[in-house]
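These notes are about the structure you will find just below.
Scope of the values below: all heavy atoms of this structure, side chains included, with no hydrogens, waters or symmetry mates. Proteins come first, then strands; the chains are lettered A, B, ... in the order of their sequence lines, and each starts at number 1. These figures come from a predicted structure and were not determined experimentally.
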Protein chains: 2
Amino acid sequence: MPQDRDTALEDEMLMARAAWLYYVGGLNQEAAAKRLGITRARVNKLLQDARETGVVSITINPTNVGLLPVEDSIRDRFGLDFCICTPALGSDRNGAEASDLLKDFAFRAVGAAAAAHLRTHLASREDAIIGTGWGRTLQQMTLQLAGVRAPKARFISVMGSLTANSAYNPFEVVHAFARATGGEGYVMPVPFIADSVEDRKVLLAQRSVQQALELGRSASVAYISIGELTEDSLLRRQKMLTAEEVVELRAAGAVGDTNGIFFDDEGRAVDHPLNQRTLALGLQELHKANAVGLIAGQSKLRAAHAFLKSGAARGLIIDGDTALLLMKEI
Amino acid sequence: MPQDRDTALEDEMLMARAAWLYYVGGLNQEAAAKRLGITRARVNKLLQDARETGVVSITINPTNVGLLPVEDSIRDRFGLDFCICTPALGSDRNGAEASDLLKDFAFRAVGAAAAAHLRTHLASREDAIIGTGWGRTLQQMTLQLAGVRAPKARFISVMGSLTANSAYNPFEVVHAFARATGGEGYVMPVPFIADSVEDRKVLLAQRSVQQALELGRSASVAYISIGELTEDSLLRRQKMLTAEEVVELRAAGAVGDTNGIFFDDEGRAVDHPLNQRTLALGLQELHKANAVGLIAGQSKLRAAHAFLKSGAARGLIIDGDTALLLMKEI
DNA sequence: CAATATGAAATACATTTGTATTTTAGCCTC
DNA sequence: GAGGCTAAAATACAAATGTATTTCATATTG
C-alpha cells in the first residue's frame, strides 16, 4: 500500500540529512544517529536507501585512469565524436578464476559510464529523445540511473523486441529507463527478427512500427550495444538464431551484429536473408540517430572493431581492457 | 623529496582502479586487494587517498532537503537569482558538544554544494571564466570537484594573495581548481591588502594585476566567501590584520568583509584606510562578475546579512542552519 | 475495543574496515 | 658488498558497519 505522502517526504529528508552527516560531514553512523535522535541501525538503512535511490552518488574522476591516450587514439582512428574508457582492470595476478567476474564487471562499468553520459546529456536537453538497444549492458545502464529525473524525456527502442522475455529485452530496457527517469517509453511491438522477408514487410507497414522508427530516427542520442556471433552469444541464448543460421552467417562473413543487423570484418552488412528480416534502424540510420556504441567484454573485440569500421557510431563507451586490446589492432 | 613522475602516475592509476573496484564494482577491500595483487591495508590507504584527493567524490542529490521555502524567502528578500541551502542539521538532541564539528561540517557542506553548482555551470559553458575568492569554504569546494573536466575553463582569483602560505590562500585555491578540472589558473601575484595606500597604487599599476582584474570582471560566475570581523576570524589568524586594525574597523562600523573589503551592517564599504589598501574586485564589480556568496557557519550570520544587503551577490549558497537563523531576521 | 499489522527501537553478533606494529625486500649510498 | 633507508607486506587488533532477532509502541481494521 502507498505510503503517506508527508511521511515519504519526511523520510527522504531524514535520508538526505543522514547522508550529509555521514558522507559529507564525516560522522560515523553512531554519531549521526545520535545527532538525528534515531538508532544506528536506522541510519544504516537510511544510508543504504540513499545509495540505492541515488540520493547519494559516488563518482570517480575519470582523469588519470591512464587511458586517455587510448581514448584519443580510438576516437581519432574511427572518426568518433568521443570515446570513453572505463578503468582497465585486467592485470589481476591470478589469471583464470576471475574471468567470469571480470566480464560482469565490464557490463557494470560500461553501464555506469553510459549512465553518467546520459545524465550529462539530459542535463543539457531535458526533453531529449533517446534511442535504446537491448542486452546486458543496456540493462545495467538502467540500474545505474538512480536519481536522474527527466519527466520530459522520451525513450524509444530502435529495434523490435525479443520473443523470449528477459530483463535484456528492449521492452524491459525501455520500461526501466522510463521508470528510472520518470520519462516516457516507446517500443516496437514486433519481433526484431521477422520469420521471413514477407513477414517483415507486413510488420514494417504497421503504423505503430513506422511511428516508432520515425521517433527513433530523430533521437538526440541512441545507446546501442553489439553482439559477437558465437554459440555463446546472447542472440543464440535467447533463441533468436538457430545454430544453422549462425553457421550460415559466419560463412557469409558476419562477425557480429548490432540490433540484429549482421556485419563483416569491414563493418559492411553481410548479404544474407537474415539481414532482410531485421526490424531495426540500419547502420546509416543509427549514425543519424547519434548512436553511441556500448562495448563490454573482451569477447566482443572482433565485433567491436568491425562495428567501428561501419561508421554507425558517433561515440563509443568501452571497457578499458577491451579498449587496450583494440589499441593493439589499430 | 619529489616522487618519480612515473611512479606517481602508476600510483594514481592504482588508486583509481582500487576505487573503481570498491565503489563501482562493489567488491570489499579484501577482494579488491586480491584482484590488484596488493594487501588490503594498501587498498584501504589507496581509498583514503582517493577520497582526500578527490579522485572519488560523493555527492548528494539536493532535492527535498526541506529548505525550499527558506531558499525562496532569502532569494526574494535580497533580489538574488538563486539561493541554495544545504540541509539544516541543528536539531541535535545534545546541545553543546557538537558546535565545533558543526562548523567544520558547514564548510564541507557548502563546499560540496558550491562544487555541484560549478559542475552544472561548466556543463553549459565549458570555456567559462570563473572568479574565485579564498578561505576554508573555497578550499573545501576544490576538494569536491572530482569528475569535473574542463580544460577550457579559466579560474581567476578576484583578489590578491595572502602573505602567509596556507591551503586557503587564493594562490592555492586557484591552483586546486585548475588541477581538479584540467583548466587554467590565474592569480594576482600581490598581497591582497597592501601595506599602504601608496603601495596599493604601485601594485595596482602592474600589468599582470590589471590583466587579472580585467579577466576577473568578465567572469561568468565568481565564488566568494565572506569573513566575520572578530579576533577568531581567518583574517586575524592569517595575520592579515592586527588586533588594533580590527578594533578600528569595528569602530568604523565594519561587521565583516569579502576579499578584504570591509562593510557595515547595511552592506556599505566602511570609511577606513584599510578599504583603500585592498587589491580585489569591489562590491559593484563583484555583482558584475556574477558573484555567488558562500556562507558557512553561524558565526558569519551578521556579516552574511550585511553582505547580502550590499547587493554584491547574484546568488547565495549557505548552510541550512545559518539560513534558518537568517530567516528569523528578515 | 480487541486483534493485528507495521515500523522502529533495542539488542546481539558476524563481518568489514581502520590503524598500528613488526618484518621483509628492494634500493641507494658509500 | 655492507649499512642504512624506504615502501610495502604481514600481522594483529580495535572500531565501525551490516544484519538478524526480539521487543515495543502506534496505527489500522473489523
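Checking side-chain atoms of B:R119 against main-chain N and O of B:L145 turns up no donor-acceptor pair under 3.5 Å. For the pair A:T39 (side chain) and A:A33 (backbone), a donor-acceptor distance under 3.5 Å is absent. The closest donor-acceptor contact from the side chain of B:Q238 to the backbone of B:N169 lies at 3.5 Å or more, if one exists at all. Here the side chain of A:E71 pairs a donor or acceptor atom with the backbone of A:C85 at under 3.5 angstrom. The backbone N or O of A:G297 lies less than 3.5 Å from a partner atom in the side chain of A:D319, making a donor-acceptor pair.
As rounded to whole Å, 12 Å separates atom P of D:dT19 from atom CG of A:D49. B:L14 places its CG atom 13 Å from the C1' atom of D:dA7, with the value rounded to the nearest Å. For the pair A:L46 CG and C:dG7 P, the interatomic distance rounds to 14 Å; values are reported in whole Å. Remark: P of D:dA9 and CG of B:L36 are 11 Å apart, rounded to the nearest angstrom. The nearest whole Å value for the distance from the CZ atom in B:R42 to the P atom in D:dA7 is 11 Å. Nucleotide C:dA8 holds its P atom 9 Å from the CD1 atom of A:I38, rounded to whole Å.
Summary of helix geometry: the two end axes of the helix from C:dC1-D:dG30 to C:dC30-D:dG1, each defined by five base pairs via their C1' atoms, are inclined to each other by 30° (rounded to 10°).
A perpendicular orientation is assigned to the rings of A:H117 and A:Y223, their planes being inclined by more than 60° (bins at 30° and 60°).
Open room surrounds CZ on A:F171; 12 or fewer heavy atoms of other groups in view lie less than 6.0 Å from it. Other residues, nucleotides and ligands place no more than 12 heavy atoms under 6.0 Å from the OH atom of A:Y168.
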Determine, for nucleotides 13-18 of chain C in 5'-to-3' order, which nucleotides have protein heavy atoms under 4.0 Å from the base (write B), from only the sugar-phosphate (write S), or from neither (write -). ---SBB
